[in-house]
Amino acid sequence: MKKPTSRDVANLAGVSPSTVSFVLNDRKDISISDGTRLKVLDAAKQLNYTPNQFARGLKTNQSKLIGLIIPTITNPYYPMLTQSIEEYAASSGYNILLCNTYRKVENEEFYLNLLTNKSVDGIIYGFTPNYPQIACKISSSIPVVIIGEKDDTVKISTVALNSFMAGEMIGQHLISLGHKNIAFITSPLEGMSLSRQKRLHGIKSKLKEYNLEKNLVIKAESYENESNDSTYEIEIGYNLTSTLIKETKVTAVIGVNDMVAFGALNAINNMQLKVPEDISVCGFDNIYLSKVIRPGITTVDHLTFHRSKLAIDILINRMGNGDEDVYRVEYEPRLIVRESTGPV
DNA sequence: AGCCTCTTCGATCCTCAGCA
DNA sequence: TGCTGAGGATCGAAGAGGCT
């Protein structure tokens, strides 16, 4: 069975292929009689015709595809990001090609090359690139926008979140509740995780303001153990918190993200302690689960939808109008206080 | 064998002819 | 003169076929 083409539609309707193109693309600058228009639409419906996107791209030099690169799908933050990007891109007539790097540099490079070969119209990074040199090189031929950390050395438009401020917000919140012994638990801090480091710096800076910096306990999983298992981050939170409670007298635990905070919550519950009466727990990202579980997790919202929308707008502006400017937009995070944090 | 030219795929769009 | 719609060039890559 051969897929019907515009020529088949034209033959059935008794018009030329160009007339089919005018009608189906609803060209306002060309007048077509209502009778011809109806004949074309009927023929297209009868044949169940859909335009061949590759052929269209051949002529227009547009694939209407945007490549979205994310580091993992196991953390619900990234599906949330993907969904908001997909929805907004669709409303502008674009489709998304999703690439999951599993936080591996070689996968990132592979997908960048794949997306270039697939002739996508633009690329969105859902995180700060681990390979900025390659991303910069590709951005000279394909529009690229990063939804990640602000980095002035990278000449790519970036829609960032102030992770330092996010850390400060959490720190200030816990201090205002009277917490003096605070722990920060995290997946590996080495190498690639700029946002993890900035969150920590923000927390440190706020504690320093109150002369509490020395009280901060930092527990990080080692880089060698980083995995793509779907429960990996929850396990880190669980294991690090279990050790923490045995070894120290912390009254508040900050997870590097909500998933790690979930693990902390489980560990505390398992040790017959109460959240927040015995230990307060908070995280970052404001994923939907942090609102659903009990107690709800105090966290920092990333304004994911707004940032996704802006990233697509910047990308489409460059794809459509050839806008060469490099934009660096930084959003201020929002603290979301829920039941998992309380007074000491 | 190696190189070059032509053809093919399907949709789009510019140009132009026919007609009222 | 304006409306309508046909003809054909064009896009990029791959394969076929011809020539040296």
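Numbered from 1 within each chain, the chains take letters A, B, ... in sequence-line order.
Atom pair A:Arg37:CZ and C:dT4:C1' shows a separation of 11 Å (rounding to whole Å applied).
Checking A:Asp258 against A:Thr299 by side-chain atom types alone, a donor-acceptor pair falls below 3.5 Å.
The residues A:Lys309 and A:Glu87 are annotated as not salt-bridged, no charged nitrogen and carboxylate oxygen being separated by less than 4.0 angstrom.
Between A:Tyr49 and the phosphate of B:dA11, there is a side-chain N or O to OP1/OP2 separation shorter than 4.0 Å. Within the 4.0 Å cut-off from OP1 or OP2 of B:dC13, not a single side-chain nitrogen or oxygen of A:Ser21 is found.
Heavy atoms only, all atoms of each residue included: A:Pro76 and A:Tyr288 are closest at CB-CE2, 3.9 Å.
Heavy-atom nearest nucleotides on DNA chain B were determined for A:Phe22 and for A:Ser6, and the one closer to the 5' end corresponds to A:Ser6.
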